[in-house]
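First comes the structure, then the notes that go with it.
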Amino acid sequence: MAEAHSAVAFSFSITHEGWDVNFDREMLHLVWQSGVRSWKKRFFRFMNNLKSGVYPASLGSLWLTIGIVAAIHFVGYKVPYDLVGKVAPYISGSSILAHLAGSFVVGLLLWLTVIYILRYMLKLLLMYKGWMYEARGKGKKATNITETWLFLVKILSGWRKPMLYSFQGSLPRLPLPSVEDTMKRYLRSVRPLLDDENYARMERLANEFQNGIGVKLQRYLILKSWWATNYVSDWWEEYVYLRGRSPLVINSNFYGMDAILMHPSKNQAARAANIIHFCLQYRRLIERQQLEPILLQGLVPLCSWQYERVFNTTRIPGIETDKLVHYQDSKHIVVYHKGRYYKVLIYHKNRILLPCEIELQIQQILEDKSEPAEGEEKLAALTAGERTPWAEARNEYFAKGVNKASLDLIEKAAFVVTLDDIPYEFENEHPEKLDNYGQILLHGKGYDRWFDKSFTLCIGSNGRIGFNAEHSWADAPVMGSLWEYVIASGLETGYMEDGRNKGTPEFVPPTPTRLQWDLAPACIEVINRSNEVVQKLINDIELRIYVHDAYGKGFMKASAMSPDAYIQMALQLAYYRDAGKFNLTYEASMTRLFREGRTETVRPCTIESTAWVKTMEDKDATLDDKYKLLLAAGQQHQRNCQDAMSGKGIDRHLFCLYVVSKYLEVDSPFLKEVLSEPWRLSTSQTPHGQTSKLDLKKYPNCISAGGGFGPVADDGYGVSYIIAGEDLIFFHISSKRSSPVTNAARFARQIEKALADMKALFLERKKAVQHKNGFQFGKIHINTYEFVLSVVFIKYQHR
């Protein structure tokens, strides 16, 4: 009741003596501060949107343009076309004011015209993707076309420092491939997976589709590509994520780990407070658009649209489909500890609380000895389980009263924090501890992460950290950018010798407030049923984190292969040895060179890669054959990645054609078969070094171990890898224990062997080349020696 009374700003009552009105001045002051802060944020958001909306120009150039127009007009020149003189008569007021107002209008119109011309010129330039296909490196020069393109892009976008969303209006739309091109790429991708008979059948289905219903479906897709900002992203978000009814845990959500080579503080409250503070700082950078946009080659921008929903975002369950809800602002976070939920205020007088102040709040939660309410401990199992039961329970048991109020606080929080009561451990001598660390982050206990939130920040009892992120709102690189920022920022500020945060609290921060629940027995029964579903999933998952430190990207680059292509070939070789056959392989590639781009599929299992793998297993194959086929496979994989990034992928186009067919209620045997093919090897690379904050020269051990996800197919593997350094790669390998054909630990050993065999191949090839060159050099040296002796002998004879 005390919480309810403190929430009332004023009250009144009617007595026989008249009106009795009571004001709570402190509460009214808080309401006033909240309103002022809200309006300030709206104003600054408007100004930032205006600044980024006129990029590459600046607002200062508007006043310069108006000044020049006014000066030209008042000097007596009729430039341009005496527009000011034509506009002035239509403006009321004195003659001078009318001409000044006319100058303002004409200057504004000219300024907007120039801006839109510049933006569309930049958009046309950014449509060019030829630069991606050109070889780069020492001694390799770009073509004249690309050199000219680089110069023009630099001229148009290099006027001033861009804001986070400055390039959004200049990014081109994702191009729509022709059905013919997609069919050619698709048939080539499945050729190594099908025998002659099945390939002939698939070729026939593809030709029938291309010349039949595909023509009609493509017309509708062309119309959407003209009308929508991105013809894929909205359908991808809805049908792949939000309409899914299966549990989010393991099937959808992914995780990220700490920089495990460092352990800056073992104090759980201090580390939690530090990371919370810098998460909020990162949110402020997004709100103010001060976050640096990612520029490939320091010049070509990636779409920043996904950053909008990092914070204050939650996934709301529905009976048939979920929805994403993003709140403009949030002044609190929610913390979970030992089955209890707490609301923690994060602002004081319009500033973010300092790490040392948040630490006091976290410590209060850790020291709280109260017991969770009945059903509260496992409440979040609803968010982990199947979506329809959660939607029904939400409508029935969380639609009013304290349950609704508490649920609103969780869903409207900036993010959720879980203070685990177990340590997150890593030791080179005990790899199983790192596996356990990953499993804790992937699923926890199944009920101690709020899986619907954009992300849950997880803090181990020993101060190590991680996160669990919901997938529908964005892709992993966006969370990776946040993660690099908070880890690097935490190292910059540092900790005291006892592990606590530096600094002195400027005031006593607000005490965390326990969320109240009134869960009926029927609701608790639903929670327990969801928990049973989740526990079955958890018990079935196997996770192995393999740390490869024999060599890294330095050796790969020296071997004339891109690191990603090198690792993908290693995965193909490892999978073939593990399964005894090839299978459809998924690799995620980003399409953020286009507006609102998300991902495209690269198919690493190609004609070239299978030829090389078979040669590696052939005892009679020569060293030269293995080497040449590996380079050819790597080059083909790189071209496939470039095609995917430049909008020439296969799978998103087929997916959208399938969605159109469902809307039109048209049955396509080809699309039905293609979309039902399982991805038994699903892979993804976690990017590293996205932010300038991460200074590996200053902090060489500040290397994230990356993160992972669950297997896509019941009889398949999920493999996430991060090329963390010159000699360090982390592989996160997941599989299901119930599958008789997969084993994550066994596959890790196959990856280790494949990488070792590939290194041996390159070293043997190098040794053979050196021996050959040395032998030829020796022959030249001997011949030269003989020639010198003959010359000396002839001279001696002449004497």
Counterpart residues, ring-ring contact (aromatic ring centres under 6.0 Å, His included), relative to W679 (two or more places apart): Y586
Could you grab the distance from atom CZ of R243 to atom OG of S472, nearest 0.5 Å is fine? 14.0 Å
What residues form a ring-ring contact (aromatic ring centres under 6.0 Å, His included) with H471, not counting sequence neighbours? Y241, F254
For a quick check under 3.5 Å, do N531 and Q535 share a side-chain donor-acceptor pair by atom type? yes
Lys/Arg N to Asp/Glu carboxylate O, D234 vs R598, below 4.0 Å: no
Under-4.0 Å salt bridge between K536 and D540: no
Are the side chains of P423 and R464 in touch, meaning some heavy atoms are under 4.5 Å apart? no
Close side-chain approach of C641 and E587, heavy atoms under 4.5 Å: yes
F655: partners by ring-ring contact (aromatic ring centres under 6.0 Å, His included), with sequence neighbours left out: W236
Output the distance between atom CG (D258) and atom CD1 (I465), rounded to the nearest 0.5 Å. 4.0 Å
For D435, the side chain to side chain contact (heavy atoms under 4.5 Å, CB included) test, sequence neighbours excluded, returns R544, I545
Once side chain to side chain contact (heavy atoms under 4.5 Å, CB included) is applied, do any residues pair with D421, and if so which ones, sequence neighbours excluded? K338, K445
From the list R315, R387, R394, salt bridge (charged side-chain N to carboxylate O under 4.0 Å, His left out) partner of D452 resolves to R387
From L379 atom CG to C523 atom SG, the distance as rounded to the nearest 0.5 Å: 7.0 Å
Considering only heavy atoms from C-beta outward, does the side chain of V547 approach that of P431 to under 4.5 Å? no
Relative to each other, are the rings of F730 and H732 parallel, tilted or perpendicular (30° and 60° limits)? tilted
Just jot down the side-chain hydrogen bond (donor to acceptor under 3.5 Å, both in side chains) partners of T456, sequence neighbours excluded, or say none. none
Heavy-atom side-chain proximity of W517 to Y397 below 4.5 angstrom: no
Check for a donor-acceptor pair, side chain of T686 on one end and backbone N or O of G706 on the other, with a separation under 3.5 Å. no
Can you sort out the partners of A384 under side chain to side chain contact (heavy atoms under 4.5 Å, CB included), two or more places apart, ordered by chain and number? V249, F451, V534
Any sub-3.5 Å donor-acceptor pair from W483's side-chain atoms to M257's backbone N or O? yes
Taking only residues two or more places apart in sequence, or in another chain, which ones meet Q685 in a side chain to side chain contact (heavy atoms under 4.5 Å, CB included)? D564, Y721, I723
Contacts of K412 meeting side-chain hydrogen bond (donor to acceptor under 3.5 Å, both in side chains) (sequence neighbours excluded), chain-then-number -> none
Donor-acceptor pair, distance only, cut-off 3.5 Å: does the side chain of N468 make one with the backbone of Y255? no
Do the side chain of N274 and the main chain of A270 share a donor and acceptor less than 3.5 angstrom apart? no
Residue pair I365 / V344, side-chain heavy-atom distance below 4.5 Å: yes
When you compare the side chains of S481 and Y282, does any donor N or O come within less than 3.5 Å of an acceptor on the partner? yes
Roughly how far, to the nearest 0.5 Å, is the OG1 atom of T585 from the CZ atom of R680? 11.0 Å
Just how far is it from atom CH2 of W473 to atom CD of Q306, taken to the nearest 0.5 Å? 8.0 Å
Which residues pass the ring-ring contact (aromatic ring centres under 6.0 Å, His included) test with Y336, sequence neighbours left out? Y341
Under 3.5 Å: donor-acceptor pair, side chain of H263, backbone of N462: yes
Residue set satisfying side-chain hydrogen bond (donor to acceptor under 3.5 Å, both in side chains) with D651, at least two apart, ordered chain then number -> R603
Any heavy-atom pair between the side chains of V310 and R283 that's under 4.5 Å? no
Does the pair F467 and F455 meet the rule for a ring pair (Phe, Tyr, Trp, His ring centres under 6.0 Å), with working shown? CA-CA 7 Å; F467 69 82; F455 70 95; 7.1 Å; no
With sequence neighbours left out, write down each residue that passes side-chain hydrogen bond (donor to acceptor under 3.5 Å, both in side chains) with Q268, or none if nothing qualifies. none
Evaluate the ring planes of F747 and Y575, with Trp represented by its six-membered ring, and classify them as parallel (under 30°), tilted (30 to 60°) or perpendicular (over 60°). perpendicular
Rounded at 0.5 Å granularity, tell me how far CG in L755 sits from NE2 in H548. 4.5 Å
Would you confirm whether S609, through its side chain, and P604, through its main-chain N or O, come within 3.5 Å as a donor-acceptor pair? yes
